[in-house]
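In what follows, a structure is listed as structure tokens, so that the remarks can point back to it.
Residues take their numbers from the sequence shown, with the count starting at 1.
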Amino acid sequence: MEANGVEERADDVTALAAGLLDSVNESLGAPMAPVWEAAFRGVPRHTFLPGTVWVGEDLVECDREAAPVDWLRHAYADTAVVTQVNDGGTAAPGERWASSSASAPSIVFRMLDLLDVRPGHRVLEIGTGTGWNAALLAHRLGPGRVTTVEVDPALAARAAARLEDAGLGVRTVRGDGARGAGAEGPYDRTVATCSVRSVPPAWIEGTRPGGIVLVPWESPWLCYGLLRLTVDGYGGASGSFSPYSAFMLMRGQRTDLRIYRDVVRDHHVPQESATRLAPGAVAGGDWAAQFAIGLQLPGVWRTWHENPDVKGVASRLWLATTDAASWAAVDLDGRTTDRFTVWEHGPRRLWASVEAAHGWWRESGRPGPERFGLTIAPDGRHTPWLDTPDNPVPVRG
């Protein structure tokens, strides 16, 4: 098996693929369906990866020719592999940020299961990436059944070449996936491999009534969750969340905020107050709390500032509206666990909104993402709900 001018030993690939299959089945909690196992074996993951990938939190470069054993090991690990940094630009090691990746195989097959494709279905994929996901779908459905859209020209060209080599009959389109795929619909299924903060209308319009739209979800507060929508016959859709996945945000929906470039100004005079709600309770390790807060505060972004240059302050939680009109900072000073200093500026008192959002979530029984859903009206309005569409989630500003 050869790609990019380097040949792997077939027995090495077979052994690594068998180990990956075991890992995926363990993550799923049951063996994957035979049709997907056949696709897994029929379109080897490593043949869709580029010759250079980046791994780990520090995005360490791994080159296939320089380190073929490590490269192949990463190709068959049940983890995401970064396949592009800085939108394809050059960057020094400390300046790299991930702009495209091959998702962890376990989430790939979890999403394929949730998509519930059937023989004869036509599928639109948003975000071609390496092309492997489109290849798996085409292996299942046959030629002419899968259309995939990629916004990045270099990624689109490379994936199209790999898909053509595989001979699976995938239609690859280079363009803005938020616009769908033109007049080729309606599709039975639409699936995105990038996260969104709002579902583009074209995805609902391009999916037949009763069809499914499956998208990774993100709020400025937290990137987490899968949203599975069923399209109605009136221009809208509704469905529920699953507590899996964290994908890169669709490029057209990115927020590029920096604390001291875009948010805080020298002339700002913040108001000081105190809170007993720990910043870690709303932006720490409790993803259920963060998910619920993100649904209630769709226009509020947050980030941690570790070891700020402030005497006695161990870390600081920053909040800002996505238009940077209002901001707040909450200090974690390491000396007390029941009182925290709050600084706020702008027309909105953001920390009060956070306290209200966390209080509602706590009083509602601390629900996880699987108890939430979303309804999208024909006019594009998004309404989150808890347990049932008749119980809307309060949206605070």
Can you sort out the partners of [X] under side-chain contact (heavy atoms from CB on, under 4.5 Å), two or more places apart, ordered by chain and number?
X: Ala325; value: Thr321, Asp323
X: Arg73; value: Asp70
X: Pro243; value: Tyr224, Pro369, Glu370

Would you say the side chains of [X] and [Y] form a donor-acceptor pair under 3.5 Å?
X: His268; Y: Trp327; value: yes
X: Trp385; Y: Thr375; value: yes
X: Asp331; Y: Trp343; value: yes
X: Thr52; Y: Asp63; value: yes

Query raised in the report: How are the rings of Trp36 and Phe109 set relative to one another: parallel (under 30°), tilted (30 to 60°) or perpendicular (over 60°)?
Result: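 The rings of Trp36 and Phe109 stand perpendicular, inter-plane angle above 60°.
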Query raised in the report: Members other than Leu59 in its cluster, when Ile, Leu, Val, Met, Phe, Trp, Tyr link by side-chain heavy atoms under 4.5 Å?
Result: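 Traced through the cluster, Leu59 reaches Trp54, Val82, Val85.
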Query raised in the report: Given the side-chain rings of Trp301 and Trp221, with only the six-membered ring counted for Trp, is the space between their centroids under 6.0 Å?
Result: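 No, too far apart.
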Query raised in the report: Can you check whether Trp361 and His358 have ring centres sitting under 6.0 Å from each other?
Result: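 Close enough - the centres of the two rings lie under 6.0 Å apart.
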Query raised in the report: Glu26: what forms a salt bridge (Lys or Arg N to Asp or Glu O under 4.0 Å) with it, not counting sequence neighbours?
Result: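 Partners of Glu26 under the salt bridge (Lys or Arg N to Asp or Glu O under 4.0 Å) test: none.
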**Report entry** Inter- and intrachain pairs under side chain to side chain donor-acceptor pair (under 3.5 Å), touching residues 287-298, at least two apart
**Finding:**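 Passing the test, one end in residues 287-298: Gln290-Arg302, Gln296-Arg396.
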Query raised in the report: Are Phe40 and Val123 connected, step by step, through hydrophobic side chains (Ile, Leu, Val, Met, Phe, Trp, Tyr) whose heavy atoms are closer than 4.5 Å?
Result: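 Yes; Val123 is reachable from Phe40 via cluster members.
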Query raised in the report: So is Arg162 actually on top of Phe48's ring, under 6.0 Å and inside 45° of the axis?
Result: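 No.
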